[in-house]
Trainee: 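Here it is, the structure, as structure tokens.
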Amino acid sequence: MEIQLLQQPDSAIAKVILEANEEIVAEAGAMIAMSPHINANTTLRQGKGGGLLGGLKRLLGGESLFLSVFRSLGRSGEIYLAPDFMGDLLVYEMQGEELIAQSTAYVASASTVDVDLGFPGFKRAILSGESLFWLTISGHGPVLLSSFGAIYSVPVNGEYIVDTGHIVAFERSLNFDIGKPPGSTWLSTFLGGEGFVCRFKGRGTVYCQTHNPGAFGRLVGSQLPPR
Amino acid sequence: MKYEIKYKPAFSTIFVTLGSGESITAEAGAMASMDGALTMKTHWFGGFFSALLKSWFGGESLFANTFSNPTNQPRTLVLTQSSVGDIEALPLQGKTFGFEAGTYIAHIGNVKLGVRWAGFKSWFSGEGLFKLQASGDGTIFFGGYGGISKKQVSGEFIVDTGHLLAYESTLKMNIGLAGGLFGSVTSGEGFVMKLVGRGDVYMQSRSIDGLVKFLRPKL
């Protein structure tokens, strides 16, 4: 398949060209438009992170129980995919190494990619204050991830710090630790509006988003009537 | 020090490169990511009492962070805002500017930040009792919701409430109605800010109020 990203960085949409009988798995609701001979099916996904248990975990992660599988019958076809939020898109080519991503970032992937909810490495994820769930992505093939804000990549060589609300995905080869920002006190962390940060060490790439949906949500939400 | 504001105008973000020994101060929460070798020191936003005033009336955070580079290599830092929109780098050059609540992001160099009484006119129009005032010869970074437009006022200029970001202190601000009383109510414009004098004014192309009005019936 070929994936072209259009309208970056604030209104990104992915134009996917599938070869004859090729398929792509996508989040429910991600499809904007497609060729008429593309067949859409719902699935609970096969493999790691699949089956009914995988679907239930997805529900917990705020995603939908089912996923859609789009298959281009007989000849090549095109499908346009986009996330709900304004923001950017990233195509990451999986080559057997693991990629850890925010669960809300997942849009679509080739069926040869395994997506499992949960990442045991983040023992202190609950403390992070951002209600994030993480996905462990493995296998081979492209995965399409979305963000709030533009996506910028940082090749880490040494140490790099990212606010937890700004992480889209990172390569598993990196060592990481979640904590409060350096030089701040617990008081400033809770009163000052700083969230938690993730400290990455070693070698690998971190994909960051320029904006934090929680922060924008609070800005608008504070003026909306209570539900 | 180098800075570049990328991803304009919707997701404007400041990419800063600090040289050895250089620093930049930003409001709490502005840091998106940074090199691990930079130090970050949290302090009251301009002194304890001033910080309280800024927080209660100025809509700013109680805290600010100063990022410094103790190493001998240039290091990078990424600063952003909560809002979706543009960011402007304003070199003050000795002038004084008033900023609406929540617009301040960061500053470099010699900038004195204080809280000033904005007057009842300002409060009545929904812009708050106090405003943030910045003076000095450094550069201040501020942002808003939507795109930022700049106008050099000479005489009188009207800006809709909710769209004012910053204005030079040489301008006098008055509040008025958009049309007559009936016209203001029916046109939906309501109150407006009248700026008189000579100076620069910065406006945002969208207002959070506008977004809230749009969303409210849909909830």
Side-chain angles (χ1 to χ4, degrees), chain A residues 8-11 85-88 147-152 154 156-167 180-195 197-201 206-227, chain B residues 6-15 26-45 51 55 59-68 71 73 75-85 87 102 145 207-209 211-219:
Chain A
Q8 291 179 285
D10 48 76
S11 321
F85 264 167
M86 293 159 58
D88 211 348
S147 68
F148 182 62
I151 297 178
Y152 61 98
V154 180
V156 180
N157 190 358
E159 198 179 309
Y160 200 74
I161 294 175
V162 188
D163 182 288
T164 50
H166 289 268
I167 304 174
K180 59 175 175 60
S184 70
T185 60
W186 283 106
L187 193 71
S188 68
T189 304
F190 286 114
L191 296 181
E194 284 287 4
V197 297
C198 191
R199 198 187 292 264
F200 292 99
K201 281 196 229 193
V206 189
Y207 295 92
C208 309
Q209 57 188 12
T210 59
H211 283 67
N212 182 338
F216 184 59
R218 279 190 290 277
L219 185 67
V220 181
S222 60
Q223 298 199 32
L224 288 168
R227 270 205 270 178
Chain B
K6 292 167 94 167
Y7 309 118
K8 290 165 85 84
F11 287 120
S12 293
T13 304
I14 314 167
F15 285 75
E27 61 170 351
M31 187 269 287
S33 67
M34 68 183 206
D35 191 303
L38 288 174
T39 62
M40 180 178 117
K41 190 160 173 304
T42 305
H43 50 88
W44 300 106
F45 193 1
S55 170
E60 299 291 345
S61 168
L62 273 175
F63 299 97
N65 294 309
T66 296
F67 301 88
S68 307
T71 71
Q73 274 183 309
R75 304 275 177 184
T76 56
L77 163 68
V78 182
L79 298 172
T80 186
Q81 54 173 347
S82 315
S83 190
V84 170
I87 295 179
Y145 178 53
S207 72
I208 296 283
D209 269 350
L211 177 62
V212 167
K213 275 207 284 257
F214 173 76
L215 291 173
R216 206 177 278 145
K218 300 192 187 329
L219 292 174

Trainee: What option among B/Thr39, B/Asp209, B/Leu211, B/Val84 has the most heavy-atom pairs under 4.5 Å with chain A?
Mentor: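 Looking at each option in turn, the highest pair count goes to B/Val84.
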Trainee: Would B/Met34 and A/Val162 satisfy side-chain contact (heavy atoms from CB on, under 4.5 Å), going step by step from the backbone distance to the final call?
Mentor: CA-CA 6 Å; B/Met34 68 183 206; A/Val162 188; over 6 Å; no
Trainee: Output the option from A/Arg199, A/Lys201, A/Met86 having the highest count of non-hydrogen pairs under 4.5 Å with chain B.
Mentor: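 Top count of heavy-atom pairs under 4.5 Å with chain B: A/Met86.
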Trainee: Before giving the answer on side-chain contact (heavy atoms from CB on, under 4.5 Å), spell out for A/Ile151 and B/Tyr7 the whole-Å C-alpha distance, their side-chain angles and the decisive distance to 0.1 Å.
Mentor: CA-CA 10 Å; A/Ile151 297 178; B/Tyr7 309 118; over 6 Å; no
Trainee: Under the side-chain contact (heavy atoms from CB on, under 4.5 Å) criterion, do B/Phe11 and A/Gln209 qualify, and how do the steps go?
Mentor: CA-CA 10 Å; B/Phe11 287 120; A/Gln209 57 188 12; over 6 Å; no
Trainee: Evaluate the side-chain proximity of B/Leu215 to A/Val220: yes if any heavy-atom separation is below 4.5 Å, no if none is.
Mentor: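 Contact flag for A/Val220/B/Leu215 side chains = yes.
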Trainee: With side chain to side chain donor-acceptor pair (under 3.5 Å) as the test, would you mind laying out the steps for A/Tyr152 and B/Thr13 before giving the verdict?
Mentor: CA-CA 11 Å; A/Tyr152 61 98; B/Thr13 304; over 6 Å; no
Trainee: Mind checking the CD-CZ spacing from B/Gln81 to A/Phe216? Nearest 0.5 Å is all I need.
Mentor: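 That separation rounds to 10.0 Å.
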Trainee: Between chain B and each of A/Val156, A/Asp10, A/Thr210, count heavy-atom pairs under 4.5 Å; write down the option with the most.
Mentor: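 Ranked by heavy-atom pairs under 4.5 Å with chain B, first place is A/Thr210.
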Trainee: A/Ile161 versus B/Met31: any side-chain heavy-atom pair under 4.5 Å?
Mentor: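 Yes, side chains in contact.
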Trainee: Mind ranking B/Ser83, B/Ala10, B/Ser12 by heavy-atom pairs under 4.5 Å with chain A and telling me who comes out on top?
Mentor: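 Highest number of pairs under 4.5 Å: B/Ser83.
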Trainee: Taking C-beta and beyond as the side chain, do B/Tyr145 and A/Leu219 meet within less than 4.5 Å on heavy atoms?
Mentor: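 No; the side chains remain at least 4.5 Å from each other.
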Trainee: Can you measure from OG (B/Ser82) to NE2 (A/His211) and round to the nearest 0.5 angstrom?
Mentor: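 The OG atom of B/Ser82 sits 8.0 Å away from the NE2 atom of A/His211.
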Trainee: Donor-acceptor pair, distance only, cut-off 3.5 Å: does the side chain of A/His166 make one with the backbone of B/Ser33?
Mentor: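 No; judged by distance alone, with no hydrogens or angles, the pair does not exist.
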Trainee: For A/Glu159 and B/Asp35, run side-chain contact (heavy atoms from CB on, under 4.5 Å): C-alpha distance rounded to whole Å, both residues' side-chain angles, the deciding distance at 0.1 Å, then the answer.
Mentor: CA-CA 6 Å; A/Glu159 198 179 309; B/Asp35 191 303; 5.7 Å; no
